[in-house]
Amino acid sequence: AKAGVEAGDILLSIDGESVSARFAEEVPPILERLASAPIGDVVVLEVGRGGERHRIEVETARFAGRAGDQRAFPVWGFTARTITPEWARNRGQEGMDGVRITGVRQGGAAQQAEPAFQRRDMLRELAGRSIESVADLVALYAERTAPGIEPEPVVATLERDGHELLTVLDPRRERSEDPPRELPKAWIGVASQPLLAELAEQLGWGELRGFRITRVYPGTEAERAGLQVGDVIRAVGGEPLVPAGKQDVAMLSRRVRGLRIGETVTLGLMRDGVARTVPVVLERTRLAPEEARRHEDPDFEWTVRELTFFDRDLRRLDDDTHGVLVQTVERAGWADLGGLRPGDLITEVDGRPIRGLRSFRDAVDAVRSARPTMVPIRVLRGLRIHYREIEPDWGPTTVDGAAPAAERTDEASATGSNHP
Amino acid sequence: MIRPRWSLALLVALVWSASVTTADDAGSPAVDPFVDLTRHASAVVSVRYLAEVRAPGVDREVDNTVRCLIIDTEGWVLCSNTELGAYFTALTRLMGHSSAPITIRPKDIRVLLDGRELTARLVARDSDRDLAWLTIEDLPEDLELTALDLAGVRAEAVPAVGQPLYLLRRLDEFFGEVPAVSEARVAALPTQPRALIVPAPTFGDIGMPVFDRNGRLVGVTIVQVPGDEDSSVVMNDRQRALPGQAGPIDDMVAIVLPIAEVLEATALARDVWAADQHEQLD
C-alpha cells in the first residue's frame with residue numbers, strides 16, 4: 001500500500017514479465033513468484049488502473065502473516081503471540097506494540113494473578129520493560145528463568161477491552177507441596193475380605209463369619225506371627241467380628257486402627273476347621289501411595305514419587321531395586337515425547353543411579369545446569385528394562401531459532417514510487 | 001412463720017431446680033453463649049488454597065477458601081480434612097460412586113489473617129477423624145495470634161442427650177465475616193464408627209468449635225462418610241436424601257467429634273511433624 005498499489009488494480013507484469021490468471025487456480029503460482037523474491041529486493045510491478053498503466057516499485061519485506069510468532073512460557077503459565085500488522089488492522093489497533101495472550105494455564109502463575117491473565121489480553125509491559133514482540137518476551141523469560149535465578153514476582157501491564165490493568169505475576173506460587181502424612185494408626189500386615197453368609201455356605205463353613213486373609217505382607221509382624229492366607233479372623237482382642245454385608249467390609253481394619261501401635265493383640269482364627277488364637281504385635285500403618293513424597297518438574301513436565309511399601313509388594317521388587325515412580329506425564333511434554341509413561345520406575349537419569357527422591361532431584365538439577373541436548377533415562381517397566389531418551393528444548397526461542405534479540409518484523413517498505 | 005402454700009411453692013421450686021441440674025452443670029455457672037463465645041471468634045480464620053484435581057481426563061486447579069481454627073500461638077491451625085480437598089471424594093461416595101480415581105491435593109495454602117496472607121503448610125491429616133493440621137510458616141513477629149488454645153482444654157465428659165450445643169462460626173465474607181453462634185441439642189451419641197455427637201438440627205459448618213452451655217469446648221464439627229475400605233458400599237435410593245429432605249447425609253456432615261479425640265489426634269500430629277522434620281528422603 002505504501003508503494004502505491006491500490007485495491008482494484010490489475011496486475012499486468014512482474015519485473016517485465018506478463019502475468020495472467022484466467023482461473024482461480026492460476027493465482028497461487030503468481031503469489032509464489034512474488035514470495036520467492038529475496039527479502040529487501042525491489043520488484044517492479046506494472047498495474048492497470050482506470051484504463052492506464054502504472055509502474056510501481058515495491059521493496060519486499062519479511063512476510064509477517066496473519067498470526068504472529070507464538071511461544072509458551074511455562075514458568076509464567078501462559079502462551080503469547082506477536083501482534084501482526086494484519087491482526088492490528090483488523091481490530092483497529094494503533095501501531096503493533098505488545099503481544100497478545102493466547103492461552104492461560106489453569107493453576108499457573110498467570111491464572112493465579114489478581115486480576116488473572118485472560119486470552120486476548122494485550123501484554124504491554126512486564127517487569128518494567130516494554131513488550132513489543134514475542135522476541136522481547138523470550139529475552140526477558142530467558143533472563144528471569146536462567147539457572148540459578150530465583151523466580152520473583154513481576155508487575156504486568158495488560159490491556160483488556162480498552163482498560164489498562166496492572167497485575168502481579170508471581171511464579172513462586174507454582175511450588176507444589178509434598179502431601180502430608182496420615183497420622184499413624186495400628187495395622188496388621190494382611191489384606192482380607194469379609195466372609196459373608198453366602199460364601200461361607202458355599203464353602204461348607206456354615207455359620208462361620210469373620211475376615212478371610214487374602215494376603216500376608218512379607219516382612220511384617222503378621223508374617224512373623226504365622227498368619228496364613230485362608231485364615232479366617234473371627235475376633236480381635238476377644239471381640240468377635242461378624243460382618244453382615246458389604247457395609248462391614250472395613251470392620252476389621254477400623255477395629256485395628258482404634259488400637260495402639262506396639263500393642264500385642266490376640267486374634268481369634270479359624271484355620272482348616274480348627275479354632276486357634278494367635279498373638280500379633282500391631283505395627284504402624286505403612287505409607288499409602290497417595291502419601292508418598294513427590295517431585296513435580298515444570299521443564300520435563302512429569303511428576304514422580306517415592307516408592308512405598310505397597311508399590312514394592314505389588315511389583316514384587318526386591319530390596320536391591322530402587323528408583324522413583326513416574327506418576328504423571330504431561331501430554332507433548334519432554335518426558336512424554338521421550339516415551340516415559342506413568343508407572344515407569346526410573347532407575348537412572350543421565351547415567352546417575354536413582355535411589356530415591358533426593359538422588360532424583362540432584363540428578364535432574366545436574367541435567368538442568370548442564371543443559372544437554374539428550375538425556376538418557378533407564379526405566380523398569382513391568383519386568384523389562386527400557387532406555388528412553390529425552391530431548392530437552394531449553395528455550396523458548398523464536399520460531400526461526402533466532403537469538404532472543406532478533407529484529408522485529410516490519411510492514412512492506414514505504415520507499416516505492418508510483419509511475420503511471 | 002411461712003404460710004403452707006408458700007412453703008409448698010418453695011419446695012416445688014427447689015425440687016424443680018434440682019431436676020434440671022445435671023453433673024455437667026454442677027458447680028459451673030451457665031453463660032450466655034451467644035455473647036460469650038464470640039470472644040473466641042478471632043481464632044476462626046479463613047484459609048485459602050489451590051486444589052489440584054487430577055483424574056482421567058481431568059487436570060485442573062481450583063481456588064478454595066475454607067474456615068479453620070488457630071489452636072495455639074505458635075501457628076498451628078486445625079481444619080477439617082474434608083474441607084482441605086477430601087470433599088470431592090466424600091461427595092462421590094455420598095452420591096454412590098465408589099472408588100473414583102480422583103486425587104485432590106491442596107497446595108499454595110495461605111491463612112488469611114489481619115489483612116495478610118500467611119503461607120501455611122499442611123503437616124498431617126487424619127482421614128478417620130476428618131482432621132488436618134497446618135502450620136503457619138514464618139510467623140511475623142508483629143502479629144499476635146488469638147488461638148482457641150487446645151493446650152488448656154480438658155477432655156470433659158460429653159454432654160448428655162438433650163443438652164444444648166453451641167457452634168461458633170463466621171458468616172460469609174459477603175456479610176463481613178462477622179462471628180455467629182448456632183444452637184442445637186445433642187440428638188444422639190453413636191459409638192460407630194467412633195464416639196461422636198450428633199446435633200439436631202444439623203450444624204451447617206464444618207471444622208468449627210462446638211461448646212456446651214457453660215462455654216466449655218466439647219468438640220469440633222467434621223464429616224464422617226464411609227471410608228476407602230467401604231468402597232463397595234453404595235447408598236440406595238431410599239438413603240439418598242432429596243433436596244430439602246432429612247436423610248443420613250445430614251448426619252454425616254457437621255457431626256461433632258468429641259474434644260478428647262481432637263486432643264489425642266493433635267498430640268499425635270505434633271509428634272508426626274516433629275519426626276518428619278528429621279526424616280531423610282533416600
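So that the names make sense, note that chain A is the first sequence line, chain B the second, and so on, each numbered from 1. None of the values given here were measured: they were computed from a predicted structure.
- Summarising the local packing, CZ of B/Arg116 is surrounded by more than 12 heavy atoms from other residues, nucleotides or ligands at distances under 6.0 Å.
- Crowding of B/Asp172 atom CG: a count of heavy atoms from other residues, nucleotides or ligands under 6.0 Å exceeding 12.
- Side-chain contact between A/Glu182 and B/Val272 is absent, with no heavy-atom pair separated by less than 4.5 Å.
- In this structure, CD in A/Glu296 is found 5.5 Å from CD in B/Glu52, a value given to the nearest 0.5 Å.
- Remark: B/Asp128 does not engage A/Arg254 in a salt bridge, criterion side-chain N to carboxylate O under 4.0 Å.
- B/Leu50 CG to A/Gln111 CD: the interatomic distance, rounded to the nearest 0.5 Å, is 7.5 Å.
- Remark: A/Ser192 engages no residue in a side chain to side chain donor-acceptor pair (under 3.5 Å) (not counting sequence neighbours).
- Partners of A/Arg341 according to the salt bridge (charged side-chain N to carboxylate O under 4.0 Å, His left out) rule, which considers only residues two or more places apart in sequence or in another chain, are A/Asp336.
- Between A/Lys185 and B/Glu264 there is no salt bridge, since no side-chain nitrogen of the basic residue lies less than 4.0 Å from a carboxylate oxygen of the acidic one.
- What you find for A/Leu183 and B/Ala124 is that their closest heavy atoms are CD2-CB, 3.9 Å.
- Other residues, nucleotides and ligands place no more than 12 heavy atoms under 6.0 Å from the CZ atom of A/Arg284.
- For A/Glu152, the CD atom is loosely surrounded, since the number of other residues' heavy atoms within 6.0 Å does not exceed 12.
- Both the backbone and the side chain of B/Ala265 come within contact range of chain A, with heavy atoms under 4.5 Å apart.
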